[in-house]
Chemist: 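Below is one structure. I have some questions about it.
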Amino acid sequence: MKTLLEAVLDLADRVEASIDAGDWAQANELETARRAQLEKLLLAGAGALPEGALDAVRQRTHELIGLVEHHRRRVLREATTVKTGYAAAARYAQQLLDR
């Protein structure tokens, strides 16, 4: 049986895999479960945890935040490219109609 710490870290891995797969709904569900397990872990008491356990969870959380920010910036860049392309195509089409 997994410890709460192992469950939290395993869920973090699963969240990351879902993000990498582009399955944001699954990532959100897994993150909700990870937070619930993390809350249980903290309520159990930090004194019962192995040394460095909270640091590992904190580091993993920051890695997930960084991953999400990376994907967010990528999506924003792609959206800007699409918007720019759409505007250029619209201008071109309007020039054809104006002739």
Side-chain angles (χ1 to χ4, degrees):
M1 184 171 167
K2 286 185 183 178
T3 65
L4 286 173
L5 177 60
E6 290 169 332
V8 168
L9 295 174
D10 179 60
L11 283 165
D13 291 342
R14 293 175 58 200
V15 168
E16 181 177 359
S18 295
I19 290 169
D20 286 339
D23 190 345
W24 293 97
Q26 179 70 23
N28 187 48
E29 288 177 24
L30 291 167
E31 178 60 22
T32 299
R34 187 184 82 92
R35 287 176 184 237
Q37 290 294 83
L38 183 56
E39 185 177 322
K40 287 180 188 176
L41 178 69
L42 295 175
L43 289 174
L49 296 174
E51 186 175 332
L54 290 180
D55 287 335
V57 171
R58 181 184 49 78
Q59 179 181 343
R60 194 67 179 104
T61 300
H62 286 288
E63 289 170 1
L64 288 173
I65 291 168
L67 181 63
V68 169
E69 281 299 309
H70 169 74
H71 282 280
R72 185 183 70 79
R73 285 189 304 273
R74 179 186 53 79
V75 168
L76 288 174
R77 277 192 311 272
E78 289 173 1
T80 299
T81 300
V82 168
K83 182 178 178 183
T84 301
Y86 179 79
R91 281 191 305 273
Y92 178 74
Q94 187 61 49
Q95 286 176 356
L96 290 177
L97 293 173
D98 290 345
R99 289 184 183 176

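Keep in mind that what you see is a predicted model, and the values were worked out from it rather than measured. Sequence positions, counted from 1, serve as the residue numbers for this chain. Atoms considered below: every heavy atom in the structure, side chains included; atoms not considered: hydrogens, waters and symmetry mates.
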Chemist: Can you tell me if Glu39 has over 12 outside heavy atoms packed within less than 6.0 Å of its CD?
Modeler: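 Open.
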Chemist: Is a side-chain donor-acceptor pair under 3.5 Å present for Gln59 with Asp55?
Modeler: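 Gln59 and Asp55 do not have a side-chain donor-acceptor pair below 3.5 Å.
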Chemist: In the single-linkage hydrophobic clustering (I, L, V, M, F, W, Y; side-chain heavy atoms under 4.5 Å), do Val8 and Leu64 co-cluster?
Modeler: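 As far as the 4.5 Å side-chain criterion goes, Leu64 and Val8 are not connected within one cluster.
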Chemist: Ignoring hydrogens, what is the shortest heavy-atom contact between Ala56 and Leu9? Give both atom names and the distance.
Modeler: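 Smallest heavy-atom distance, with atoms named: O-CD2, 4.3 Å.
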Chemist: Check whether any side-chain heavy atom of Leu41 lies under 4.5 Å from a side-chain heavy atom of Gln37, and answer yes or no.
Modeler: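 Result no, sub-4.5 Å side-chain heavy-atom pair not found.
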Chemist: For Glu6 and Thr3, which heavy atoms make the closest approach, and how far apart are they?
Modeler: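 Of all heavy-atom pairs spanning Glu6 and Thr3, the closest is OE1-N, 2.9 Å.
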Chemist: Closest approach of Leu30 and Ser18, non-hydrogen atoms and distance?
Modeler: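 Of all heavy-atom pairs spanning Leu30 and Ser18, the closest is CD1-OG, 3.4 Å.
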Chemist: Rounded at 0.5 Å granularity, tell me how far CZ in Arg73 sits from NE2 in His71.
Modeler: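 Between atom CZ of Arg73 and atom NE2 of His71 there are 10.5 Å.
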Chemist: What are the two closest heavy atoms between Asp13 and Arg60, and how far apart are they?
Modeler: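 For Asp13 and Arg60, the tightest heavy-atom pair comes out as OD1-NH2, 3.0 Å.
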Chemist: To the nearest 0.5 Å, what is the distance between CD (Glu63) and CZ (Arg58)?
Modeler: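 Output value for this atom pair is 10.5 Å.
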Chemist: From Arg14 CZ over to Glu31 CD, what is the distance, rounded to the nearest 0.5 angstrom?
Modeler: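 So the CZ of Arg14 and the CD of Glu31 are separated by 12.5 Å.
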Chemist: Side-chain contact, heavy-atom cut-off 4.5 Å: Val15 with Leu67?
Modeler: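 Result no, sub-4.5 Å side-chain heavy-atom pair not found.
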Chemist: Work out which heavy atom in Ile19 is nearest to a heavy atom in Ala27; give both atom names and the distance.
Modeler: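 For Ile19 and Ala27, the tightest heavy-atom pair comes out as CG1-CB, 3.8 Å.
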Chemist: So which heavy atom on Ala53 is nearest to which on Leu5, and how close?
Modeler: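 Where Ala53 meets Leu5 most closely, the heavy atoms are CB-CD2, 3.6 Å.
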Chemist: Is Thr81 close to Tyr86 at the side-chain level, that is, under 4.5 Å between some pair of heavy atoms?
Modeler: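 Not in contact.
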Chemist: Treat each ILVMFWY residue as a node, draw an edge where side-chain heavy atoms are under 4.5 Å apart, and state whether Leu4 and Leu38 are in one component.
Modeler: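 Yes, same cluster.
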Chemist: For the pair Gln26 (side chain) and Asp23 (backbone), establish whether a donor and an acceptor sit closer than 3.5 Å, ignoring hydrogens and angles.
Modeler: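 Such a contact is absent between Gln26 side chain and Asp23 backbone.
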Chemist: Please test Arg34 against Asp10 for salt bridge (Lys or Arg N to Asp or Glu O under 4.0 Å), starting from the C-alpha separation and ending with a verdict.
Modeler: CA-CA 9 Å; Arg34 187 184 82 92; Asp10 179 60; over 6 Å; no
